[in-house]
Amino acid sequence: MAQTRYITTPIYYVNDRPHIGHVYTTTVCDVWARFMRFSGDDVFFLTGTDEHGMKVEKSAQTRGIEPQALADENAAEFKRVMEKLDLRYDHFIRTTDPEHERQVASFVETLLAKDAVYVGDFEGWYDEGQEEYYTETRARAMDFRSQVDQRPLVRAKEKNYYFRLSAFQEPLEAWFRDHPDFVMPESRRNEVLGRLREGLQDVPMSRTNFTWGIPMPGAPEHVIYVWIDALLNYATALGLGAPDGDWHRTRSKYWPADYHVIAKDILWFHAVIWPAILMALDLPLPKHIYCHSWWISEGQKMSKTLGNAIDLAAIDRYLDDYGHDMWRYYLVTRGPLSATDSDFTAASFHDSYNTDLVNTVGNCASRVTAMIRKYHDGVIPNERQGGDRLVVGDVDWPTVTAAAVTAAHAAMERFDLAAAVEAGLGLVRQVDAFINQTEPYKLAKVESERPRLDAVLYQCLEAFRIASLLLWPVIPRQMETAWAGLGLKVDPDAGNLAALATWGRLPAGQTVEKLTLYPRRERPEPAACSASS
Ligand code: MSP
């Protein structure tokens, strides 16, 4: 039975153009979704845009256009970029979708009915850029400055609707105790626990100082606070707030989410406020919040002024210079899935291309197929003699490849994407070592060694084939080229990874082309590779 899987990215603000940060989170989710789909699971991958709130209203005013027009323009841009980068989401949600708006209003009505939301006066320290309130203790610890843009926090007072976050102090602590991998990685979990121990206070649920949002049910002079509106997207996209609707019928089975993937800037909302809302709504909590760190660039925080931002123009140049696979490969293997930031550098990008894609994957593919063409007329030989597998050298290939498949799967389950890639890449390296050990070029000189030569050639190509299946989620384009060149029909959407990755599925007797997957490249001129202004 196919397991249902649900993975989400944050929904991105439409007052910003897409850049590496957005692309990164979406790419790691795409890799995970592809792997799970290929494994036969029933996956729902959600991404989208966060379109309400003061920031969007202000940006639109600055441009002299309606907020909806700004949202339409930038949501289309996000979609275009995702398409261009082969990011295959199942649904792109926009918080201005009427279906989302209706369900948010209905969720808020439920919260009001349950007395989880009340009207009251509130005073606190407010980060205008982040639209977030802080307690006195927290604000002092932050030196009364925004941790994101360093602007001073302001003292703000509002008559508003409030969400009784304080009522969830104990349930949340219990939840964290019972679910040690709810927030991953562990250092992020500890960060949340530390702040949780400072005590929770109720949070505003609505605003009155602007109008670009979903009206508060029964009090249209208030709009629902953008973060509540935004967090609910994970539930509205599955129709959880409209039990009679089509989305609920076809998608509610995906809840709870396996992974909400986010970055450290929005951890508190996802790790504390979101679970408390779900508790108040009597909905199950997601299994994991995976919180990654940030990309910096050439040793520094990305900024327009420094000109080191990896924006769309820079991404385009990397795609042109190195191809889609390398772009994904670099993000996935060098990205900040751990608790430390990752430094995007043109030099490490180039080195990683040469070392891993050219010298390892590409070289193995061309070396093996070239030998088959040279020593066996391009026809895949047989590794068997008299019905038995001929074992040459000391690699027990069926066991080694099965272990790699298991390792890749286990790594994906815990969102360790680099380890999953390593399972595939490790196989490729083993093929190279195996060639050096068994020396097929020497076997080819001795007629009586023919059966052993055939077995070696078969085993190299078969191990490479299995590696290509494991590597497909991260470097799909050239793995598909390889399959075509080997005459293999592989459809990852068929969800048969385990069956395909069984040793011995490579059909002997079929003709293969010599594969050239990743051409060697000179390092581009620094100017051509660093960011645009
Ligand atoms: N709209 C909110 C999220 C609401 S989710 C219910 C938001 N949007 S955002 O456009 O600012 O995007 C934030 C997300 O973009 C981060 O959590 C992260 O996924 C990604 N990144 C933005 N900059 C980044 C880096 N420099 N590095 C890595 N990812 C970063 O916050």
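What you see is a predicted model; the values in this text were computed from it and never measured. Order of appearance sets the numbers: ligands from 1, and atoms from 1 within every ligand.
Applying the 4.0 Å criterion to heavy atoms of H292 picks out, from ligand 1, the atoms 19 (O), 28 (C), 29 (N). Every atom of ligand 1 with a heavy atom of Y234 under 4.0 Å away is listed here by number and element: 5 (S), 6 (C). Of all the atoms in ligand 1, the ones that sit under 4.0 Å from a non-hydrogen atom of H19 are 22 (C), 23 (N). Below 4.0 Å from some heavy atom of G21 lie the following atoms of ligand 1, by number and element: 20 (C), 21 (N), 22 (C), 23 (N), 24 (C), 25 (C), 27 (N), 28 (C), 29 (N), 30 (C). Listed by number with element, the atoms of ligand 1 under 4.0 Å from a non-hydrogen atom of A230 are 6 (C). Each of the atoms 28 (C) of ligand 1 lies under 4.0 Å from some heavy atom of S293.
T236 and N233 share no donor-acceptor pair across their side chains, judged by distance under 3.5 Å alone. For the residue pair W125/E136, the side-chain donor-acceptor check at 3.5 Å is satisfied. A donor-acceptor contact closer than 3.5 angstrom links the side chains of S146 and D127.
Salt-bridge check for D30 with R328: passed, with a basic side-chain N closer than 4.0 Å to an acidic carboxylate O. D493 and R34 are not joined by a salt bridge, as no carboxylate oxygen comes within less than 4.0 angstrom of a charged side-chain nitrogen.
Taking only non-hydrogen atoms, the option from I273, V226, T25, V23 nearest to atom 19 (O) of ligand 1 is T25. Nearest residue to atom 11 (O) of ligand 1 from Y13, Y12, W295 is Y13 (criterion: closest heavy atom). In the candidate list I266, T26, I11, T8, I11 is nearest to atom 2 (C) of ligand 1, counting heavy atoms. Atom 1 (N) of ligand 1 has its nearest heavy-atom neighbour, among V56, D50, L267, D265, in D50.
Counting only residues at least two apart or on different chains, the side chain to side chain donor-acceptor pair (under 3.5 Å) pairs with a member in residues 267-285 are K114-D282, Y234-H270, H260-W274.
Take W212 and apply the ring pair (Phe, Tyr, Trp, His ring centres under 6.0 Å) test, not counting sequence neighbours, and it matches H52.
Any N or O atom pair closer than 3.5 Å counts here, and A263 shares at least one such pair with ligand 1.
For the ligand labelled ligand 1, residue F269 lies outside the 4.0 Å heavy-atom shell.
For K55 and Y13, the positive end sits near the middle of the six-membered ring, less than 6.0 Å away and at most 45° from its axis.
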